[in-house]
Amino acid sequence: RRAISARGYSTEGFERQARVTGGIEQVQTALQGSALVNPQEVDQLLALMLQQREADYTVLSAADVLDTVTVSEEEKRKEYDANEADYQQAERVKLEYLTLSLDDMMKDIELDDEEIQQAYEANKGKYLSPETRMASHILFAVKSSATQTEQEDALTRANKVLERIRAGEDFATLASEFSEDPGSKLKGGELGIIAEGQMVPNFEKVVYSMNEGEVSDPVRTEFGYHIIKLDKLDGAVARPLAEVRDQVIKEEKRRLATTQFNDSAETFRTMVFEEPDNLDAAAEALGLELKISDWVTRDNGKDAFANPRVRSAAFDSVVLDEVLNSDVIELEDGSLLSMHKNEYQPQITRPFEEVAEQIEARLKQQKAEQKVKAEGEALIAELKAGEPETAPEFIELPKLRTDAKTPVEQQLSAEVFSASLAGGEALVSGFTMNNGDYAVYRLKSIVQGDPASATEEQRSQLVRQLESRDANSAYS
């Protein structure tokens with residue numbers, strides 16, 4: 001009921017909604033399962049998918065002509081006056097801020113050898129080498145399809161061998177004679193070290209309950225019946241300090257810092273609240289560095305101000321208008337932060353001198369794009385009139401659209417596969433690419449795809465897509 005209420009439903013409302021949504025899903029599933037896909041439509045789409053187009057292309061780069069274009073002061077000023085909205089400086093604020101950080105406290109803690117030794121001794125149980133167990137077994141195999149009689153026969157055989165072991169016969173010898181595990185039979189049943197999670201649960205549970213030298217009663221697993229012997233048990237032992245020194249230091253520093261942090265956190269919260277006009281008193285009392293941020297906007301900030309919650313607090317009226325300390329914010333790493341306004345600037349139009357370089361770069365890019373477009377269109381005209389003497393190198397485009405891998409190939413394929421050939425004659429055309437370059441391509445021929453050449457996977461995937469489309473369409 002709590003989970004339902006948390007989603008804003010009454011119990012009755014939730015049940016009613018579940019019936020509705022469940023019905024929708026059932027209808028859609030039923031429609032998809034019963035949708036009849038026209039085989040002719042499948043073949044037509046496969047023919048398009050497998051269509052091949054022979055084409056080549058060349059790209060005229062805007063970057064290559066940037067140095068050949070110029071922008072006058074008049075052009076820059078005209079651009080600035082016409083598009084002031086593009087040259088706004090967002091509202092921004094600089095903030096004094098304090099952070100109380102567990103990690104910073106850990107860095108300030110120094111431990112001498114005696115303190116490290118004491119921390120090690122107090123927590124030796126945390127620094128143990130893992131226990132190891134070595135075992136052997138004799139398997140009396142039982143197939144998954146075995147009858148009750150066959151299972152009972154395997155257990156009887158296991159108990160007879162167990163009696164001989166209890167009577168003093170050698171386990172390894174009997175394992176070599178009777179075990180039906182080919183992997184360990186020739187080694188006297190030895191399995192070596194049994195790590196946790198290595199064996200099936202029933203087997204492992206018995207191994208980890210035995211004492212060294214002990215032999216178990218028959219143990220049933222999915223493989224049959226096992227007689228298990230624990231050959232050797234090496235208990236967990238404390239690893240030497242030299243081996244775990246770094247871990248001991250880190251954990252002891254964290255323990256001490258956690259105590260210090262918890263003691264300081266209450267003071268931090270209290271002083272930020274009780275001295276709301278500045279953070280100086282809190283910084284002095286706790287020995288913290290009062291920092292000043294870079295400019296922070298509502299959408300961008302560095303360090304702690306990359307966090308949207310912190311930026312939101314920076315623009316709260318308590319900080320901006322009342323000029324008081326912010327509430328204490330707990331960050332994702334557990335650190336605490338409070339801030340106070342240092343400097344504020346409303347949104348303004350940036351001065352022309354400040355953005356002149358940006359405007360120049362923008363206009364040069366536009367001119368470069370216009371220049372390569374004009375050169376591309378001239379090249380197209382020359383190609384249509386006949387092969388020009390100084391034509392640039394053309395590159396073959398993959399014939400199948402699905403074979404286009406690079407962004408350039410993918411953009412070109414999209415254009416080439418949407419073009420058509422008039423009267424079977426080659427097409428020469430061009431377009432401005434996403435980055436401002438100009439591409440010229442020659443479409444030479446179109447070979448329709450053969451649906452019969454489609455793989456079964458291609459055909460099945462397309463059928464599923466069409467069924468899903470038709471089911472959604474039928475429901476809506």
Side-chain angles (χ1 to χ4, degrees), residues 101-139 158 161-162 165-166 168-176 179-262 332-334:
S101 164
L102 181 66
D103 288 341
D104 288 344
M105 289 179 172
M106 285 179 64
K107 293 174 186 175
D108 293 337
I109 294 173
E110 296 292 338
L111 300 174
D112 59 30
D113 289 342
E114 183 179 352
E115 290 170 320
I116 296 169
Q117 182 69 43
Q118 289 173 350
Y120 170 72
E121 294 295 341
N123 297 281
K124 247 182 183 177
K126 294 169 61 177
Y127 309 119
L128 300 178
S129 62
E131 176 185 272
T132 58
R133 291 172 178 256
M134 299 181 70
S136 301
H137 80 141
I138 304 172
L139 172 65
V161 172
L162 180 60
I165 295 170
R166 303 267 195 239
E169 291 192 46
D170 182 60
F171 187 96
T173 301
L174 292 172
S176 297
S179 182
E180 294 172 336
D181 173 15
S184 65
K185 177 184 178 75
L186 299 179
K187 297 184 291 183
E190 287 184 9
L191 295 169
I193 295 175
I194 307 297
E196 290 191 62
Q198 178 182 343
M199 310 299 286
V200 291
N202 286 358
F203 190 101
E204 184 178 301
K205 182 179 179 181
V206 173
V207 169
Y208 274 82
S209 69
M210 297 171 70
N211 296 317
E212 186 172 317
E214 186 178 350
V215 177
S216 74
D217 291 333
V219 178
R220 183 71 162 94
T221 73
E222 62 197 75
F223 303 105
Y225 289 95
H226 308 256
I227 300 172
I228 304 171
K229 179 184 177 184
L230 187 62
D231 297 319
K232 188 177 181 182
L233 168 58
D234 290 327
V237 295
R239 297 159 65 191
L241 174 57
E243 190 177 309
V244 296
R245 183 182 177 87
D246 289 346
Q247 184 181 351
V248 171
I249 292 172
K250 182 178 180 180
E251 291 178 355
E252 180 64 7
K253 281 188 172 186
R254 179 166 290 278
R255 184 186 71 80
L256 294 172
T258 298
T259 300
Q260 182 183 342
F261 180 87
N262 291 337
E332 282 72 9
D333 65 356

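The first residue of the sequence shown is numbered 1, and numbering continues consecutively from there. Because only heavy atoms are used, hydrogens play no part in the values below, and waters and symmetry mates are left out as well, while side chains stay in.
Between A257 and I109 the shortest heavy-atom distance is N-CD1, 3.6 Å. Across all their heavy atoms, R220 and N202 have their closest contact at O-ND2, 3.1 Å. When all heavy atoms of A119 and N123 are compared, the closest pair comes out as O-ND2, 2.9 Å. Of all the heavy atoms in I194 and A135, the pair that sits closest is CG1-CB, 4.0 Å. In plain terms, the two heavy atoms of Q198 and I193 that are nearest each other are OE1-O, 3.4 Å. Nearest approach of P218 to L162, heavy atoms of both residues: CD-CD2, 3.7 Å.
In this view, D181 and H137, S184 satisfy the side-chain hydrogen bond (donor to acceptor under 3.5 Å, both in side chains) rule, not counting sequence neighbours.
Between the side chain of S129 and the backbone N or O of V237, at least one donor-acceptor pair lies under 3.5 Å. No side-chain donor-acceptor contact under 3.5 Å links E243 to the backbone of P240.
For the atom pair CD of E204 and CD1 of I228, the computed distance is 10.5 Å after rounding to the nearest 0.5 Å. Taken to the nearest 0.5 Å, the CG atom of L111 stands 6.5 Å off from the CD1 atom of I249. A distance of 11.0 Å separates CD in E180 from NE2 in H226, rounded to the nearest 0.5 Å. We find the CG-NZ distance between L174 and K229 to be 10.5 Å, quoted to the nearest 0.5 Å. Here the straight-line distance linking atom CZ of F261 with atom CZ of R254 works out to 11.0 Å at 0.5 Å rounding. Residue Y120 holds its OH atom at 6.0 Å from CG of L241, rounded to the nearest 0.5 Å.
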* Asked: Are N211 and L233 close enough, and set up right, to give a side chain to side chain contact (heavy atoms under 4.5 Å, CB included), and what steps lead you there?
  -> CA-CA 7 Å; N211 296 317; L233 168 58; 5.5 Å; no
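Within the structure, ring pair (Phe, Tyr, Trp, His ring centres under 6.0 Å) pairs that include any residue of residues 182-201 do not occur (at least two apart or interchain). Applying the salt bridge (charged side-chain N to carboxylate O under 4.0 Å, His left out) test to residues at least two apart or on different chains, the pairs with a partner in residues 113-134 are D113-R245, E121-K124, K126-E251, E131-R133.
Side-chain contact between M199 and L191: present, with at least one pair of heavy atoms (C-beta onward) separated by less than 4.5 Å. Looking only at side-chain heavy atoms (C-beta outward), K253 and T258 stay at 4.5 Å or farther from each other.
No hydrogens or angles considered: a donor-acceptor pair under 3.5 Å links the side chains of D231 and S136.
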